[in-house]
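Working notes, structure below.
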Amino acid sequence: MTILPANIESFSKPVQQLWERMNPCTLCPRQCKINRGKGQMGFCGIGDRPLVSSVGPHFGEESVLVGGGGSGTIFFAGCNLGCVFCQNFDISHNRAGRKMTIEKLAQAMLGLQDYGCSNINFVTPTHVVAAITAAIELAQKEGLKLPTVYNTGGYDSVETLKLLEGFVDIYMPDMKYADSKVAEELSAAPDYPQVNFAAVKEMHRQVGDLQVKDGLATRGLLVRHLVLPENLAGSFEVIDFLAEQVSAKTTINVMGQYRSCYKASSHPKINRRPTFEEIESVRKYAIEKGLNVLD
Ligand code: SF4
């Protein structure tokens, strides 16, 4: 039997459909097919209620998300990826956090708005989208006006993303790899490149290129790409894909802050920071291809 919140009928069809997709769970490309409503857990390790690690203004995000009041981040524990270099492994893999009801999640969003945050930034949302969309609906009824940011590792299925249309204003996916073998070795997700490329196309279809007003993002796609040593992130392919198959005006943050964390020390190729030349060659290539590269 599918277990849904008692008042599920009061939510919109997409929210109901997302909840159904947890029982059995096909929310993300892992397709674990376990019943999260019955307390079963799949790869992400989270049941049908989200585990929230932290809520608060964050000033370390991209400047177009920060503004005067910070980006209102809600950091979810658990993850559908298994990155050996995870920089948040306490939250993502050790699942540090507290369970939150949909009502509390909605209150958290309204609290961030009252605090003066520039947006509501859902960090690692893929495995808890049913609760997030339900909470957005509740919060909007109570006056939530801020743009929402879907801040994802980028391992998202197109079918689920389609149900998020209208709930998300700004998609901020990682594009981690262009090579299946690397994705398997470093994130236990051999299909990451094909899944991720399709997901980014769907995200762009929904919200288009990034729009910025008075220095703050209001809607659109903002891609994050973390440069790895030895071009393991397939940076040039990722850039070609964006420029040629998504939009030549795509906004991208080429990130150079990779450092060896978690289990990365057992993988010799990624047991070092990328060099200045490795990072700059990617930035330069993205600029040459015409992308909007953030400073
Ligand atoms: S959301 Fe979690 S349980 Fe569901 S398919 Fe993905 S990893 Fe598995």
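Atoms considered below: every heavy atom in the structure, side chains included; atoms not considered: hydrogens, waters and symmetry mates. Along the sequence shown, residues are numbered consecutively beginning with 1. Numbering of ligands and ligand atoms starts at 1, following listing order.
- Between Lys176 and Asp174 there is a salt bridge, since a side-chain N of the basic residue sits under 4.0 Å from a carboxylate O of the acidic one.
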Please report the C-alpha distance between Ser187 and Tyr177 in whole Å, then the side-chain angles of each, then the deciding distance to 0.1 Å, and finally whether the side chain to side chain donor-acceptor pair (under 3.5 Å) criterion is met. CA-CA 10 Å; Ser187 291; Tyr177 314 106; 2.6 Å; yes
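- Ring geometry for Tyr192 against Tyr155 counts as parallel: the plane angle stays under 30°, on a 0 to 90° scale with 60° as the upper cut.
- For Glu278 (side chain) and Leu228 (main-chain N/O), no donor-acceptor pair under 3.5 Å exists by modelled atom type.
- Neighbours of atom 6 (Fe) of ligand 1 restricted to protein N, O or S atoms under 2.8 Å: the count is 1.
- For Phe75, there are no ring pair (Phe, Tyr, Trp, His ring centres under 6.0 Å) partners at least two apart in sequence or on another chain.
- In this structure, Arg36 is part of the shell of residues with a heavy atom less than 4.0 angstrom from ligand 1.
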Applying side chain to side chain donor-acceptor pair (under 3.5 Å) to Glu202 and Gln206, what does each step give before you reach the verdict? CA-CA 6 Å; Glu202 170 60 18; Gln206 289 182 25; 2.8 Å; yes
